[in-house]
Amino acid sequence: MKNPQAAGAATAPSADEIGVAAPVKDDLCAAEAKLTRLLDSNEALISEICHYLVDGAGKRLRPLFILLVYRACGGVSEKVADAIDAAIALELIHSATLLHDDIIDGGLLRRGKPSAFARWGFAPSLVAGDFLFCRAFELCGRFDERLVRTAAQACIQLTEGEVMEGRMRHNAAASHEDYLAVITRKTASLFAAGGKVAADLAGADAKTIAAMEKLGLAVGRAFQMVDDLLDILGPEAKIGKPVGSDLRGGIISLPVVLAIEHHPEFAREFRAGTPIEGAAFDRAIALMREPSLIARGRALAADQMRVAHGLLAGLRPSPYRASLAALIDEQSDREV
Ligand code: FPP
Ligand code: MG
């Protein structure tokens, strides 16, 4: 049975929400409408979970990024349907990973409300994630083999990033290189695939396609670095999940790696392998929030943003390139 609420649920974003998305507003609206339809399943439970997670929630940063890259690389309106499908596919994959990630982490709050795992439990969340994942490949399976391979390779990296993150839990010897390896796989790989596929669909030359892949890597890394800082800065009402979730889970986030480097007492607590709770948690958060460490974290994100701007400089000036530049800059003062 289809979800009756889903029909026509996609609405045009308000002027305030449009911002950097203005040049691709119509493409984004088309993507949103189709994305919503693809959440429907013959099984009501699957529809319910998918609509609960995806409808009206999430920043749609990946679709926005793909559509801007497509247009900035000269992609034409006649073929934009392909870029829209690629944008939807990546958002579906991203959504699938969130369902699975909350199962793995026991995450109870997602996007400001109880996670699907908290509401429906293990098996329904697992299957709903599989459903979204399959929908993505149903959508982009018609593309050229090399594009499908790019998407599949990104998914392989997502799984490897998740497992590497698990392997490194509570590892007080984790280095900055380990951290970069985790975020490159678990987050930046999907942005990189998006940049590569979008430029390819736009008919760009090999050099531009490679540059847009690197752009995705840099944007994805900057995004995850800021996300990691927000995890300890909160507040919960803004970030939509409990403050300090990464620390509680023993995850080697950016502030964790920085605190390990600068505070031996933090490293000792982190290494203990048991969840850091109570007064120890408050002490650890206070160390991680030290202004000098936050500034260092922001500087590392800014390094990635500089790389991204350098790659953009190779594209012809256009409103799309300007929006990509603004999207990069927005990361530095993003609050959610
Ligand atoms: C969320 O990041 C998690 C990811 C970006 C990757 C999750 C990958 C998997 C679960 C592997 C399964 C993959 C597929 C293709 C279905 P986060 O944990 O930093 O964010 P959070 O704090 O919001 O949970
Ligand atoms: Mg997580």
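All of these numbers come straight from a predicted model, not from anything done at the bench. Counting starts at 1 for both ligands and their atoms, following the listed order.
Grouped with Phe122 in one hydrophobic cluster are Ile103, Leu108, Phe117, Leu126, the linkage being side-chain heavy-atom contacts under 4.5 Å among Ile, Leu, Val, Met, Phe, Trp and Tyr residues.
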| Asp27 vs Tyr70, side-chain hydrogen bond (donor to acceptor under 3.5 Å, both in side chains): CA-CA, chis, key distance, verdict | CA-CA 11 Å; Asp27 299 341; Tyr70 174 78; over 6 Å; no

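Under the salt bridge (charged side-chain N to carboxylate O under 4.0 Å, His left out) criterion, Glu236 pairs with no residue, sequence neighbours left out.
Close approach to His100 involves these atoms of ligand 1, each under 4.0 Å from a residue heavy atom: 10 (C), 16 (C). Each of the atoms 15 (C) of ligand 1 lies under 4.0 Å from some heavy atom of Phe133. Within ligand 1, the atoms closer than 4.0 Å to a non-hydrogen atom of Thr97 are 7 (C), 8 (C), 10 (C), 13 (C), 14 (C), numbered from 1 in the order shown.
Taking any N or O of Arg110, backbone or side chain, at least one lies under 3.5 Å from an N or O belonging to ligand 1. For ligand 1, one of its N or O atoms has an N or O atom of Lys241 under 3.5 Å away. On a distance-only criterion, Lys186 and ligand 1 share at least one N/O pair closer than 3.5 Å. The distance criterion of under 3.5 Å between nitrogen or oxygen atoms is met by Asp101 with respect to ligand 1.
Residue His94 places no heavy atom under 4.0 Å from ligand 1.
The only option from Glu165, Arg167, Gln224 that meets the side-chain contact (heavy atoms from CB on, under 4.5 Å) definition with Val182 turns out to be Glu165.
By the 30° and 60° cut-offs, the orientation of the rings of Phe133 relative to Phe137 is perpendicular. Using bins of under 30°, 30° to 60° and over 60° for the plane-to-plane angle, the ring pair Phe191/Phe223 lands in the tilted bin.
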